[in-house]
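Nothing here was measured: the structure is a model prediction, and the numbers come from that model.
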Amino acid sequence: MASIITMTLVSVNYFGDAAKIFKTTFEREMVDILRSGQNVTNISDYNERIFQREMIGAMESTPELVVLGSSRAMFIGSHFFEGISFYNSAVNGAAIEDLLGIFEMYRSKEGAPVKFIIGVDPWMFNDNNGQTQWESLSKEYNSLASSIGIPDVDEPNTNNLRQLLSLSYFQSSLKNLPNLLRGEDKMIATDQSNNQANTELIDGMLVYGSSYGDVDEQTVLLRAKEYIQGKVYGLNRFLRLSSEKKLIFETWMNFLKDSGFEVSILLTPYHPLVFEHIRNEYPIVLEVESYVSQLAEKNGFLVFGSYNPNGLGITGNDFFDGMHATPDALFRILSNMESQLLQNTQTHN
Amino acid sequence: MLFNSLDFAIFLPIVFCCYWFLFNKKLRNQNLFVVIASYTFYCWWDWRFLSLIVISTFADFFLAKTIAKTSNQKKRKGLLWLSLLINLGILGFFKYYDFFLENFVEAFSVLGFEMTSNSLNIILPVGISFYTFQTLSYTIDVYRRKLEPTRDIVSFAAFVSFFPQLVAGPIERAINLLPQFDKPRRFDRALAVDGMRQILWGGFKKVVIADNCAYFVDVFFNNPGEYNGSTLALGALFFAFQIYGDFSGYSDIAIGTSRLFGFNLQKNFAYPYFSRDIAEFWRRWHISLSTWFRDYLYIPLGGSKVSKILKLRNTLIIFVVSGFWHGANWTFIIWGLLNALYFLPLLLLNKNRTYIDVVANNRSLPTIREVVSISVTFFLTTIAWIFFRAEGLTEAISYLNGTFNASLFQVPDFVGKTKALITLAGIIVMLLVEWINRTQAHGLSVVSRVQSPVFRNVIYAMIVLFIMVFGNFGENQFIYFQF
């Protein structure tokens, strides 16, 4: 019986493969579709870091403006900025190490971008944020670390065998099995940007599927309540700004400034209900905003937005859930940036 | 390493195979291997505190030998006190130093004296409350001449550090466990198979019941002001089953694992939520701790063979000390006091031994009266659990106030109702299974009587599937590890 149970566990994990860790060509296939000029939909739970590596690696020419950040910055699209080439390289649950790793991918290409919008999230300065996905980019991170003089990190063990026996992976993969059996787990090339499932556009912007994205304010409010029920994402045991993360961030900011990159910092707001909760339970978040704003000013970088939605004219209507503002909201926050970017572009030309 | 982890799933078969195939020729070698495996198991948690187990082991081994050799009663008592000082000193420092310091400073500030304190933020070594009590039972029993001291340091070290019960009990008595290290063990297939059943049942209680309840308990207890009375009542109910599933689940895994190696540990839980009064509850909950306090504290204080006033005093002391054993926080002391308040009326009326047999013995269903008694007892213990779980006294009272008001009769209002319903269904399944097995050693004992091996395997497969599909694998620690 033990062998039957083990085989069931291994089979479901391998074939269900919730995070596509055994289907190693998934990200490459996404890139092929996007580079052919079409959007790609019906995508979820893949390794976004590997996708960025494949995508940036395949770029024949790099864009002038790049977005780095977490999922909270993924809804910024090229239509925000007319007349400038653009790509959104935000990845979900981004840690500081992700920002540096993806930046390094661009830096190592000929004709690297000159302008970056960097979405900074409060958990990036929490030693206990629980983020480990950035480890997929350790190689790129270490490459930049040695250039700018910060400690490098150990490259992770990429052996996925443990996941074959993982019970939590089993539960996720089991949920994926029905789609697999119906043949509905395949990605789809499309010219549409609005689809039933999540869609990655050719400019790197993410569009939520209609089932998640097209909801009323009540549903958004319910999602916001769920967001603050229990531990808030990335803020668990967040008692002080990590000196290690601050060192990394400050060193990188100095490097960007000294190297002549144009940087705009984006602080994406939280849903009003969530922000009220954060203000009371995690006041350290306000410290993060203050710290990042002061550092940006010191380096001559612009800051757009705030974690506090109230001063920005952002309401509950402007969110998908507790932490993701809509493209319209982000556009309003960044509306001044376009003219400044254009001005700078014209000056450079 | 947690019992419900991949590390333990790899560790256990390796230890099992080495124990029965490599080291089975000589008893001493087998015991030495148990020591090495147990120390390895402990170091996986925190190697820095292994030294405390070693100190406790050597101190009590030599002290007990000396006590036994000495006929001078004064010297014997002095050596016993030395053992108590070493073990309780270690326990007291690591567990209670900061608590006493903080309360001392606060008491002085209330009197108008400002003091600064440098609390040490001492890390609590895992299992310290369990193994110190275990070694103390040895020296005390040697002192009382109930037990001859062992001459074998290896078997004694194995007794102290035996990995299945090292970090969260049962607290074994030397009289029960130590002789088992002195006798050759033969592999007993029936014992091992039943051990596996008990491990399976313990795993179900831990990852399906306890860890799923834990999600809601954390949410409701961390923000009680955001929920109505009925939701908070549900939170208290979930905690009652979280702590039961967690602790009795761990005990089942510990006892089941021990049986794989040919050892019989004492029962630690006897279906306490089927108790008809609080006295019965305390004969069925954490049996190894309550009997330890009975034999080594209550009886030396005079036990029941004293005047009524002193009997009440002794009982109160036991409950308060038991509460304090659980942690350095006033909430645990209040929890102990509350249980004392529940118990004392029964003691005064000589009704504390009304229910000695199993509920509905020789019947399949309880009577209405039994259902009422069980419900009332469960309600009282759940109220006390609120203090056990809350961060502080203020939070506990706030939780109670939030529960017992008009909103108790509203519909529960929280996100995750489907998950809560599934968890409740799991609790009902557990209660039904344990009701059927209420006269047996553990929740799957009755399966051994199923004649058809196919049907037995179907039952096991269903439980395993239940664990795989509904278990919470978010690596929640066992609650009692913090003691």
Inset, instruction - Rounded to the nearest 0.5 Å, what's the gap from CG on Leu167(A) to CG on Asn472(B)? Could you check? - result: 11.5 Å

Inset, instruction - Evaluate whether atom CG of Asp154(A) has more than 12 neighbouring non-hydrogen atoms of other residues, nucleotides or ligands under 6.0 angstrom away. - result: no

Legend entry - Heavy-atom pairs under 4.5 Å with chain A, option from Asn457(B), Ile467(B), Leu465(B) with the top count: Asn457(B)

Inset, instruction - Enter the distance from Tyr169(A):OH to Phe473(B):CZ here, rounded to the nearest 0.5 Å. - result: 16.0 Å

Inset, instruction - Using a cut-off of 6.0 Å, state whether more than 12 heavy atoms not belonging to Phe187(B) lie near its atom CZ. - result: yes

Inset, instruction - Using non-hydrogen atoms and a 4.5 Å limit, figure out which bit of Val464(B) sits close to chain A: side chain, backbone, both or neither. - result: side chain

Inset, instruction - Quick one: closest heavy-atom pair of Val415(B) and Leu222(A), and the distance? - result: CG2-O, 4.2 Å

Inset, instruction - Kindly check if the number of other-residue, nucleotide or ligand heavy atoms within 6.0 Å of CD (Gln196(A)) is above 12? - result: no

Legend entry - From Lys225(A), Gln229(A), Glu226(A), residue fulfilling side-chain contact (heavy atoms from CB on, under 4.5 Å) relative to Phe414(B): Gln229(A)

Legend entry - Spacing of Glu281(A) atom CD and Asn222(B) atom CG [to the nearest 0.5 Å]: 8.5 Å

Inset, instruction - Decide side-chain contact (heavy atoms from CB on, under 4.5 Å) for Lys231(A) and Val219(B); before the verdict, give the C-alpha distance in whole Å, the side-chain angles of both, and the deciding distance to 0.1 Å. - result: CA-CA 8 Å; Lys231(A) 298 175 191 134; Val219(B) 167; over 6 Å; no

Legend entry - Met468(B) side chain reached by Leu9(A) side chain, heavy atoms, under 4.5 Å: yes

